[in-house]
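These notes concern the structure reproduced below.
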Amino acid sequence: MKSRLLRFLELIGLTAILIVLLMVTGIGAIFLRSDLYSFRPRLERIHKIIENQRQATPTIPPFLLKCIENDLTNNGVDLFSAKQLLFHFGLNRTTNVRWPARCYMWCYSVRWHISPSDRDLLACAFLGSDGNSHQGIHHMSQQLHQKPITELSEYEIAEVFAACRGPTRYSRDREILKRHSEDLVRMTRSSEAEQFTSLP
C-alpha cells in the first residue's frame, strides 16, 4: 500500500514537472518567434533612433538617469521603451489580451540586443513631444529652457523630465509643472540618500 502511494506521489511530481517544462518551452518559443520575426527585422532602425539620440545628447546627466530610474517603474526603462517602439512601428494595434504579452516580449528583446547605455539613450529618444512630431528629451529641453539638457541644473532637468511625462498638460499649467518638478527633485535626492546609507 505504501509503495503504491509513493508511486502515485512520484507520478504527480513528474506530471507537475512536465507541465512546467512545457509551459517554459512554450513561452520560450513564443519569445523567439517574436524576437526573430518582429523585433530583429526592425533592429537596424532602432539603432538609428539610438544614434540620433546620441548625437543630440552625447552625455546623459546622472541626475536625469536617476529621474528616469525612479519614475519609470514596472520593469523600468526597458518596458517603457518597448511600448514606445511598438507605437512607433505601428504594432500597437492588437487586442487587450495580446498587448501586455507583446510589450513584455519586446521588453526582453530590448534587454537582449541593446547595451545598458544605449537603452538609456533609447528611453531619452521617446521622452516628450513638442506637438510637431519632434520627440526626445532634447527637444523639450530646448522648448522649456533654450539650452541642451547637459547645461541644465538639477531642478531644470527635473522640470524637463516632468514635462516630458505630460507635455500637453504641463504646457497649459506651469504651476503644476513647478510643483511636480520640486517633488521629483526631492524624491530623487531622497532615494540617493537611502542608497548611500544602505551601503555596508
Side-chain angles (χ1 to χ4, degrees), residues 30-94 98-154 156-168 170 184 188 191-192:
I30 293 169
F31 169 72
L32 286 175
R33 184 180 184 280
S34 168
D35 188 73
L36 286 170
Y37 296 105
S38 185
F39 188 86
R40 290 193 196 190
R42 297 171 174 86
L43 189 55
E44 187 176 340
R45 282 179 283 173
I46 293 170
H47 280 299
K48 181 66 176 175
I49 293 170
I50 293 168
E51 286 307 312
N52 289 340
Q53 185 61 38
R54 197 191 313 278
Q55 291 174 15
T57 52
T59 304
I60 303 176
F63 188 77
L64 174 58
L65 290 175
K66 285 289 180 186
C67 290
I68 293 172
E69 179 184 327
N70 290 338
D71 189 67
L72 299 178
T73 54
N74 299 325
N75 281 302
V77 183
D78 301 332
L79 185 59
F80 167 79
S81 296
K83 289 179 179 178
Q84 296 301 316
L85 284 169
L86 288 167
F87 278 101
H88 180 76
F89 292 119
L91 299 174
N92 58 306
R93 302 180 189 91
T94 185
R98 294 181 64 184
W99 171 246
R102 183 171 289 180
C103 290
Y104 277 100
M105 293 298 168
W106 271 58
C107 175
Y108 288 110
S109 288
V110 165
R111 291 178 184 173
W112 191 6
H113 293 287
I114 301 172
S115 69
S117 59
D118 281 358
R119 297 202 302 265
D120 291 331
L121 288 167
L122 186 60
C124 287
F126 285 110
L127 278 166
S129 171
D130 63 4
N132 296 309
S133 301
H134 292 152
Q135 286 187 314
I137 201 164
H138 53 291
H139 285 291
M140 187 62 71
S141 178
Q142 290 291 345
Q143 187 176 343
L144 284 178
H145 299 292
Q146 295 75 52
K147 290 188 293 185
I149 193 81
T150 51
E151 296 179 11
L152 303 184
S153 66
E154 287 188 355
E156 289 171 332
I157 289 173
E159 193 174 41
V160 170
F161 181 77
C164 282
R165 302 296 279 145
T168 305
Y170 291 129
L184 185 57
T188 303
S191 69
E192 288 176 339

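What's counted below: heavy atoms across the whole structure, side chains too, no hydrogens, waters or symmetry copies. Positions are given from 1, in the same order as the sequence printed here.
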Check: From Met140 CE over to His145 NE2, what is the distance, rounded to the nearest 0.5 angstrom?
Finding: 10.0 Å
Notebook entry, point to check: Looking at Thr59 and Thr150, what are the two nearest heavy atoms and their distance?
Noted result: O-CG2, 3.0 Å
Next item on the list: Would you confirm whether Glu156, through its side chain, and Ser153, through its main-chain N or O, come within 3.5 Å as a donor-acceptor pair?
Entry: yes
Next item on the list: Please determine which of Leu184, Leu152, Ile137 meets the side-chain contact (heavy atoms from CB on, under 4.5 Å) test together with Ile157.
Entry: Leu152
Notebook entry, point to check: Could you give the distance from NE2 (His113) to CZ (Arg40), rounded to the nearest 0.5 Å?
Noted result: 4.0 Å
Margin query: Applying side chain to side chain contact (heavy atoms under 4.5 Å, CB included), can you list everything that pairs with Asp118, at least two apart in sequence or on another chain?
Written below: Ile50, Arg54, Ile114, Ser115, Leu121
Check: Does the side chain of Leu85 reach to within under 4.5 Å of the side chain of Leu122, using non-hydrogen atoms?
Finding: yes
Check: Roughly how far apart are Gln84 CD and Cys103 SG, rounded to 0.5 Å?
Finding: 10.0 Å
Next item on the list: Could you tell me which non-hydrogen atom of Leu91 sits nearest to which non-hydrogen atom of Ser38, and how far apart they are?
Entry: CD1-OG, 3.9 Å
Checklist line | Nearest heavy-atom neighbours spanning Ser141 and Pro148 | finding: OG-C, 3.4 Å
Checklist line | Nearest-0.5 Å distance, CG of residue Leu64 to CG of residue Leu127 | finding: 7.5 Å
Margin query: Testing the basics here: between Phe80 and Phe126, what is the closest heavy-atom pair and its distance to 0.1 Å?
Written below: CZ-O, 3.9 Å
Notebook entry, point to check: Would you say Glu44 has more than 12 foreign heavy atoms packed within less than 6.0 Å of its CD?
Noted result: no
Notebook entry, point to check: What is the minimum heavy-atom distance between Gln53 and Gly136, and which atoms define it?
Noted result: OE1-CA, 4.2 Å
Next item on the list: Determine the interplanar angle of the Trp106 and Phe39 rings, folded into 0 to 90°, and report it as parallel if under 30°, tilted if 30 to 60°, perpendicular if over 60°.
Entry: perpendicular
Notebook entry, point to check: Is there side-chain contact between Leu43 and His47, with at least one heavy-atom pair below 4.5 Å?
Noted result: yes
Note to self: Quick check: do Ile68 and Cys124 have side-chain heavy atoms less than 4.5 Å from each other?
What the structure shows: yes
Note to self: Distance check, rounded to the nearest 0.5 Å: Asp78 atom CG versus Cys107 atom SG?
What the structure shows: 5.0 Å
Check: Looking only at heavy atoms, what is the nearest atom pair of Ala123 and Val77, with distance?
Finding: CB-CG1, 3.2 Å
Check: For the atom pair CZ (Arg93) and CG (Leu86), what is the distance rounded to the nearest 0.5 Å?
Finding: 11.5 Å
